[in-house]
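Report on one structure; see the data block that follows.
Just so we're on the same page: letters track the sequence lines, and every chain starts at 1.
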2 protein chains.
Amino acid sequence: MYSGNPNSLNLKSDCEGLAGNWGSEAMSVGQSLVLDSEKGLVKTLGETGKKRCFSEAKTVAALKSHSEAERRRRERINAHLATLRGLVPGEEKMDKATLLAEVINQVKQLKKTTKQASEDLHIPTDSDEVKVELLDEDAEGGSYSFRAYICCHYRPDLLSDTRLCLNVLPVALANIEISTLEGRVKIMFLLTARRDKMNDSTEAQELIASSIHEALSCVVDKASASEELSQVMLPSKR
Amino acid sequence: MYSGNPNSLNLKSDCEGLAGNWGSEAMSVGQSLVLDSEKGLVKTLGETGKKRCFSEAKTVAALKSHSEAERRRRERINAHLATLRGLVPGEEKMDKATLLAEVINQVKQLKKTTKQASEDLHIPTDSDEVKVELLDEDAEGGSYSFRAYICCHYRPDLLSDTRLCLNVLPVALANIEISTLEGRVKIMFLLTARRDKMNDSTEAQELIASSIHEALSCVVDKASASEELSQVMLPSKR
DNA sequence: AATCACACGTGACTC
DNA sequence: TGAGTCACGTGTGAT
């Protein structure tokens with residue numbers, strides 16, 4: 001806890017009012033500022049010590065309200081900082097700068113995650129889509145992964161057609177997610193490929209990605225009007 | 001741009017060193033601090049003006065390095081603040097406090113969204129689950145929604161059983177999402193109910209929610225070893 | 001002893 | 001002009 005005395009003021013108590021800009025080269029006369037530790041104000045005026053300082057009280061009041069305003073501002077900022085401390089995973093004790101850096105990472109990570117999740121499975125769109133991307137997030141182990149999805153009208157042999165096409169590629173199906181809405185279907189595939197000396201290059205990975213894209217496009221382009229699944233799961237209005 | 005003179009120093013140039021804590025009630029002698037506007041230092045010592053100030057240069061250097069360190073700290077913090085300004089949606093010009101408040105909202109919102117999305121469809125878990133919740137987010141129109149999901153082993157008649165159960169309830173199936181992994185399946189339902197004088201009460205909504213839960217639990221509890229879908233989509237290792 | 005991090009009061013600037 | 005924001009230098013406790 002800070003132990004300073006918040007009621008002590010550093011006062012500019014000369015009679016020049018607020019016009020004096022000490023600290024800059026404009027002040028050439030022997031002005032001096034006196035800091036009073038207690039209740040009385042000690043004045044050391046440069047030359048005219050006898051002049052009536054009528055605006056002294058005004059200056060004191062202005063300075064006081066100023067410092068109080070600044071104090072409130074700091075309190076507001078620190079309150080927000082404290083709230084952020086509670087929102088980031090780390091410990092309670094954290095540098096202000098480190099905390100902000102942590103918040104930045106958190107926001108970036110969350111944004112990436114939500115963006116990913118929103119296109120992950122969402123509802124199917126009205127237009128046919130095929131997308132394939134290399135997942136770089138877990139570039140550790142002996143394999144790498146692709147995330148792909150297609151969006152098209154549902155037809156009964158869509159799934160088996162898709163499997164057929166993917167079987168000819170050197171990838172394994174790790175996970176699949178299906179979402180349907182009003183006769184349309186969106187299927188997300190998580191595909192993994194073993195990393196070895198033959199394919200551990202950017203070119204090889206991009207080749208596989210484009211192969212996946214081509215295979216899936218092939219499936220999507222085979223249009224069909226069948227809506228068997230949607231008939232089962234999404235009957236007409238009751 | 002700040003136009004103050006960064007080279008002006010407020011120096012405590014009496015020979016008491018750094019021990020004096022002016023501003024607190026501990027200082028009772030007539031000490032005073034003098035601010036020098038230019039290069040020379042003006043000393044107004046309380047009582048011993050003749051004492052040699054041998055450590056003056058040291059003090060100046062220490063103070064200088066101190067202020068420089070503080071300056072670096074401020075720059076670090078402000079750099080992070082600037083980064084955050086680029087991450088929040090609002091305009092570039094923003095109060096420091098307002099910016100932090102905005103960041104807090106952003107983080108909270110993103111956290112809620114990702115939490116929702118992660119339990120939305122994710123991969124199926126190893127244990128059977130049934131969950132139903134009332135969606136309060138869009139409490140506007142003439143209807144309200146439930147989000148429900150089940151997680152269990154897949155069996156061929158799981159979907160039709162589920163539809164059968166839900167059909168007896170006064171809800172419409174707005175969307176369904178299915179994800180499968182290794183023979184297990186997770187199905188998410190978005191269910192809507194018309195809002196009318198009969199059910200526009202918390203009790204009625206909770207009654208519907210518990211009815212949905214019971215119906216889905218009934219389906220999940222009907223265990224089966226069949227894995228037809230996973231045989232189609234997730235063959236054994238190639 | 002030297003460094004770090006924080007809170008404070010203050011001058012400049014803006015509305 | 002008065003209220004608010006910012007950067008700065010400084011006092012102070014902790015490490």
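A straight line from NZ of Lys64(A) to P of dA3(D) spans 14 Å, rounded to a whole angstrom. Leu63(B) places its CG atom 13 Å from the C1' atom of dT12(D), with the value rounded to the nearest Å. As a whole-Å value, the separation of Glu92(A) CD from dA5(C) C1' is 17 Å. Computed from coordinates, the Ile77(A) CD1 to dC6(D) C1' distance equals 9 Å when rounded to whole Å. Following rounding to the nearest Å, Leu99(A) (CG) and dA5(C) (P) show an atom-to-atom distance of 13 Å. Asp95(A) has its CG atom 13 Å from the C1' atom of dA14(D), to the nearest Å. Rounded to an integer number of Å, the gap from Arg73(B) CZ to dG11(D) P is 16 Å. Rounded to an integer number of Å, the gap from CZ of Arg76(A) to C1' of dT5(D) is 9 Å.
For Arg73(A) and Glu70(A), the salt-bridge test passes: some basic side-chain N is under 4.0 Å from an acidic carboxylate O.
Nearest heavy atoms, His80(B) versus Ile104(A): O-CD1, 3.5 Å. When all heavy atoms are compared, the tightest approach of Val220(A) to Glu129(A) is CG2-O, 4.4 Å.
Distances from the side chain of Arg71(A) to the nucleotides dG9(C), dA7(D), dA3(D) place dG9(C) closest. Between dG9(D), dC6(D), dC8(C), one nucleotide has an atom nearer to the side chain of Arg74(A) than all others, and that is dC8(C).
Map Glu70(B) and Asn78(B) each onto its nearest nucleotide of DNA chain D; the residue landing nearer the 5' end is Asn78(B). Nearest-nucleotide mapping onto DNA chain C: of Glu75(A) and Ser65(B), the residue sitting toward the 5' end is Ser65(B). Both His66(B) and Lys96(B) sit near DNA chain D, but only Lys96(B) has its closest nucleotide nearer the 5' end.
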- Item | Check against side chain to side chain contact (heavy atoms under 4.5 Å, CB included), Phe146(B) and Ile208(B) | CA-CA 9 Å; Phe146(B) 300 93; Ile208(B) 296 181; 3.6 Å; yes

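Residues Tyr144(B) and Thr192(B) fail the side-chain proximity criterion, which asks for heavy atoms closer than 4.5 Å.
Residue Arg72(B) is out of contact with every strand shown, counting any heavy-atom pair closer than 4.0 Å.
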